[in-house]
Amino acid sequence: MTTPTIVLVGHGMVGQHFLEALAERGVTGRARVVVLCEEPRPAYDRVRLTSYFSGRTPDGLSLVEDGFMARHGIELHLDDPAEHIDRAARTVTSRSGRTIPYDSLVLATGSYPFVPPVPGRDAEGCFVYRTIEDLLAIEEYAKTSRTGVVVGGGLLGLEAAGALKGLGLDTHIVEFAPRLMPVQVDDGGGTALLRTIENMGLTVHTGTGTREIVADGPAVTGMNLSDGSSLATDLVVFSAGVRPRDQLARDTGLAVGERGGIAVDEHCRTSDPDVYAIGECALAADGRVYGLVAPGYEMAKAVADVLAGHAPGTVFTGADTSTKLKLLGVDVASFGDAHGTADGCLDVVYSDSRSGIYKKLVVAADGALLGGVLVGDAESYGMLRPLTGSVPPVPPEQLVLPAGTGAPAALGPSALPDEAVICSCHNVTKAEIRAHTTLPEVKKCTRAGTGCGSCLKVIGRLLPQAADQGLCGCFSYTRSELYEIARTLGLSSYAELLDSHGREEARGGDGCETCKPAVGSILASLGGGYILDGEQGSLQDTNDHFLANLQRNGSYSIVPRIPGGEITPAKLIVIGEVARDFGLYTKITGGQRIDMFGARVDQLPAIWTRLVDAGFESGHAYGKSLRTVKSCVGQTWCRYGVQDSVRMAIDLELRYRGLRAPHKLKSAVSGCARECAEAQSKDFGVIATANGWNLYVGGNGGATPRHADLLAQDLSDTELVRLIDRFLMFYIRTADRLERTSVWLERLEGGLGHLRDVVVHDSLGLCAELEAMMARHVDGYRDEWAQTLDDPDRLRRFVSFVNAPGAPDPSVRFVPERDQIKPDLTVLTLEGTPTR
């Protein structure tokens, strides 16, 4: 018997899933499998493509495990797409001239970006947003651009707009439909999304299309729109939808749909029984082309079952098109009949235009949940989507009200039937998940949670709690439990805590690098005195050890506190003189401070002596503590300001300076709803209203940005400070090690509603204690650098070498750049260097 050959044309997400399905069914062990891939790299996560702009590397996006192809004997040919299919001879010929005979041919050619046929669309500076190579080209071109326009306001268009904004471009979005994301959301959701995105500084043009791309020579310089307006731009990204890549099928005479797509049956067979089509290139038996990855995965399983001889096997007759995404930091989700097309259906709507939250549920006359749209707050998506088609156990209005105002917290995973599909990417039910005990086991055995990730929170609530939730191998308690132990028993040292509450085998030992800084932070937040005294000093990491940030070449940075960004000319002069005299690199930060880089450790006391004498104090840029409270100029100077944001920012920064926490803390105060201080991207942010202050919590920027949630509104100065006191102390008491407020809030049982109950309504009776703890912190605050400079013993640690205290570190070197310095990272071998 000859070995059959399976040829896969295309190696995207669906193609790789097909290969994995073949391997799971043992097909790769008895058949030759050949893959022709158009791109120069193996399959990668196209769903998370935009994460490249927030630090994810192309290799980090890969979906192919190391050694997968070799382990299963799969022949992968990169950068060599199929160009011709001879169905009579049953061969495929690639661009390089390679001709491969096949017994079964699987087309997974995906889709291509639609570029409107407008004049100038081929000008230099025009791009599509589809592959890693597209992103690399956009990134390079953006270096010399100032303004970018995205044509298309759908899912990918908004991701592209976020990428351009992140690259520093003034960004516009042009959408022909009357609202953003017209396929996923309705008018109400589109309005909420539009308002939020415009508040982020992007300009949106809806209800108009692109008429012409204007170029000066070869390069784009502008765009004329169908409404008669025009835009000046250096860069254009077309993201106006996709079309099935079915040209290979057309050329070889396979049946295709009137509007494109390779026609397939429920087993994904084309009009040729030896040829299959899966993913975005396929026109399913229900007459639809699915542009989502989950339906493509189901198609891949269907074909793998046929080739493995499984009967009846998986069939594909349609799929769930629910989606949940975070676009530009905004949660957007839709599921089921989101637009209410069923006869006699009713809408249940909650809308808060101030917070950018819009929720709509579509309900049948008998109370069954048919679908919904969620914008700004998609926390309930993981529970609502599996309930689609059934009557929820609570009234629908309770499912859209904010947490704490209704009873949605009572609707947990236990309310879902066993057959409810929890992971739509891999079609995994509640019963299948409950058959396992840990998340890694669930991911390995069912693949649930490895797709878009929107189901992870529900999966976590379905699994039993792990037996050991301990902080590390030294403690069987969590960080929050250790905090309560230390607070209640009045313990003031790591050794006391380890010997009394550590694991038996760890008592009397030295601890580990996980628990020592965590306990050090706990003791500091409980008022443990000077951070480097006695045992406390040994618990700190490198930054805290020297009260400065270690940089890549072994030098340190100095970041004096500048509350609210307000600084006098005299203090500016001091910073300039210090930087000049010590030859430091200076940079203004995004947190409205001035960083000075390039100091040797032995120079830190001399530098800080001059800064402290001038009235500066530590900015705590090195600690897990409050960094900055950013502000706009507020009503004092700005014609839009309605409150004094500078004064409030200074008051808050001086109140919470030095507050040790599980993670660094950032804040901002905006003087009006225009939000120039970006308060909603901070751990706690304040926005002025005509009636007082709105308080937002649980936001962050960084690699995984999160929009902060509105905790309370129209607060007086006193009410605002009281709630922030309570919020911060409750977070410090209950958060895990290195857990930021955004992650903590999402993990907190009951979420924002529970937090509001605790810190606003005092449901646990803790508020007086939380306020008292903050008052003790405020009263006990001392500047760490001022304390250090006053004590000769404390200054002895600031040396480069213990056996040569006065010797500078010769490996800390610099080279000039742009009239300043940068680290010289040239590696040299130095003989006779003193011991560190």
Got a sec, which residues hit salt bridge (charged side-chain N to carboxylate O under 4.0 Å, His left out) with Lys630, two or more places apart in sequence or on another chain?
Glu678
To the closest 0.5 Å, what do you measure between OG1 (Thr203) and CG (Asp170)?
6.0 Å
By salt bridge (charged side-chain N to carboxylate O under 4.0 Å, His left out), which residues pair with Arg655, not counting sequence neighbours?
Asp725
Hey, does Ile173 have a side-chain heavy atom less than 4.5 Å from the side chain of Leu158?
yes
Minimal heavy-atom distance between Thr171 and Ala161, with the atoms involved, is CG2-O, 3.8 Å
Do Lys359 and Ile357 come within less than 4.5 Å of each other through their side chains, counting heavy atoms only?
yes
Considering non-hydrogen atoms only, spot the tightest contact between Leu695 and Leu715 and give its length.
CB-CD1, 4.1 Å
Check the side chains of Glu675 and Ser670 for a donor-acceptor pair under 3.5 angstrom, ignoring hydrogens and angles.
yes
Side chains of Leu752 and Leu711, heavy atoms from C-beta outward: is any pair under 4.5 Å?
yes
Scanning both residues in full, the closest heavy-atom pair of Val375 with Ala192 reads CG1-CB, 4.1 Å
Close side-chain approach of Lys624 and Leu738, heavy atoms under 4.5 Å
yes
Are any non-hydrogen side-chain atoms of Arg733 and Glu769 less than 4.5 angstrom apart?
yes
Listed by chain and number, what are the ring pair (Phe, Tyr, Trp, His ring centres under 6.0 Å) partners of Tyr731, not counting sequence neighbours?
Trp744
Would you say that Val646 contacts Trp637 through its side chain, given a criterion of any heavy-atom pair below 4.5 Å between the two side chains?
no
Please determine whether the number of non-hydrogen atoms from other residues, nucleotides or ligands lying under 6.0 Å from atom CZ of Arg747 exceeds 12.
yes
Donor-acceptor contact below 3.5 Å, side chain Glu175 vs main chain Ala177:
yes
Side chain to side chain contact (heavy atoms under 4.5 Å, CB included) between Leu665 and Tyr656, worked out
CA-CA 10 Å; Leu665 294 165; Tyr656 304 123; over 6 Å; no
Cation over ring, Lys682 on Tyr696, under 6.0 Å and within 45°?
no
Run the side chain to side chain contact (heavy atoms under 4.5 Å, CB included) test on Glu784 and Tyr622 for me, step by step, so that the C-alpha distance in whole Å, both residues' side-chain angles and the decisive distance to 0.1 Å come before the verdict.
CA-CA 12 Å; Glu784 290 168 0; Tyr622 48 81; 2.6 Å; yes
Could you list the residues that satisfy ring pair (Phe, Tyr, Trp, His ring centres under 6.0 Å) with His777, not counting sequence neighbours?
none
Report yes if the side chains of Arg195 and Thr191 come closer than 4.5 Å at any heavy-atom pair, otherwise no.
yes
Nearest 0.5 Å please: distance from the CG atom of Asp714 over to the CG atom of Leu720.
11.5 Å
Residues two or more places apart in sequence or in another chain: which of them pass side-chain hydrogen bond (donor to acceptor under 3.5 Å, both in side chains) with Tyr483?
none
Is a salt bridge present between Arg740 and Asp683, judged by a nitrogen-to-oxygen distance below 4.0 Å?
yes
Who passes side-chain contact (heavy atoms from CB on, under 4.5 Å) against Asp762, sequence neighbours left out?
Cys767
Ring pair (Phe, Tyr, Trp, His ring centres under 6.0 Å) filter on His205, not counting sequence neighbours, yields His172
Mind running side chain to side chain donor-acceptor pair (under 3.5 Å) on Tyr52 and Glu139 for me, showing each step along the way?
CA-CA 10 Å; Tyr52 167 78; Glu139 182 181 43; 2.5 Å; yes
Report the C-alpha separation of Thr741 and Phe684 in whole Å, then their side-chain angles, then the decisive distance to 0.1 Å, and conclude whether the side chain to side chain contact (heavy atoms under 4.5 Å, CB included) test is met.
CA-CA 9 Å; Thr741 58; Phe684 63 100; over 6 Å; no
Are the charged groups of Arg179 and Asp187 less than 4.0 angstrom apart, N to O?
yes
Test of understanding: with side-chain hydrogen bond (donor to acceptor under 3.5 Å, both in side chains), list the residues that count as partners of Ser631, not counting sequence neighbours.
none
What are the two closest non-hydrogen atoms of Cys632 and Gly671, and how far apart are they?
SG-N, 3.0 Å
Kindly indicate, with the supporting measurements, whether the criterion salt bridge (charged side-chain N to carboxylate O under 4.0 Å, His left out) is fulfilled by Glu739 and Arg479.
CA-CA 10 Å; Glu739 186 175 44; Arg479 180 205 169 272; over 6 Å; no
Are the side chain of Ser667 and the backbone N or O of Val629 linked by a donor-acceptor pair below 3.5 Å?
no
Is a donor from one side chain sitting under 3.5 angstrom from an acceptor on the other, for Thr689 and Asn694?
no
Hey, what do you get for NE2 (His754) to OG (Ser763), rounding to the nearest 0.5 Å?
6.0 Å
Ignoring hydrogens, what is the shortest heavy-atom contact between Arg593 and Ile562? Give both atom names and the distance.
CA-CD1, 3.9 Å
Passes side chain to side chain contact (heavy atoms under 4.5 Å, CB included), Ile687 versus Gln680? Steps please.
CA-CA 8 Å; Ile687 300 178; Gln680 292 179 80; 3.5 Å; yes
Salt bridge Arg647-Asp717, side-chain N to carboxylate O under 4.0 Å:
yes
Answer yes or no: is there a side-chain heavy-atom contact under 4.5 Å between Leu652 and Val669?
yes
Can you measure from CD1 (Ile197) to CG (Leu193) and round to the nearest 0.5 angstrom?
4.0 Å
Flag, side chain of Arg385 to backbone of Ile422, donor-acceptor distance under 3.5 Å
yes
Residue list, side-chain hydrogen bond (donor to acceptor under 3.5 Å, both in side chains) with Ser716, at least two apart or on another chain
Glu719
Drop me the distance from Met773's CE to Leu659's CG, to the nearest 0.5 angstrom.
10.0 Å
Would you find a donor on one side and an acceptor on the other, under 3.5 Å apart, between the side chain of Arg726 and the backbone of Glu771?
no
Specify the closest pair of heavy atoms between Glu159 and Val47, including all atoms of both residues, with the distance to one decimal.
OE2-O, 4.1 Å
Within the side chain of Glu481, is there an N or O that forms a donor-acceptor pair under 3.5 Å with the backbone of Thr478?
yes
Can you sort out the partners of Glu617 under salt bridge (charged side-chain N to carboxylate O under 4.0 Å, His left out), two or more places apart, ordered by chain and number?
Arg561, Arg657
Set of residues satisfying ring pair (Phe, Tyr, Trp, His ring centres under 6.0 Å) with respect to His339, sequence neighbours excluded:
none
In chain order, what residues pass the side-chain hydrogen bond (donor to acceptor under 3.5 Å, both in side chains) check against Ser742, with sequence neighbours excluded?
Asn700
Quick one: CG on Leu764 to CG on Leu766, what's the gap to the nearest 0.5 Å?
5.0 Å
Can a side-chain donor-acceptor contact be found between Tyr129 and Thr50 if the only test is distance below 3.5 angstrom?
yes
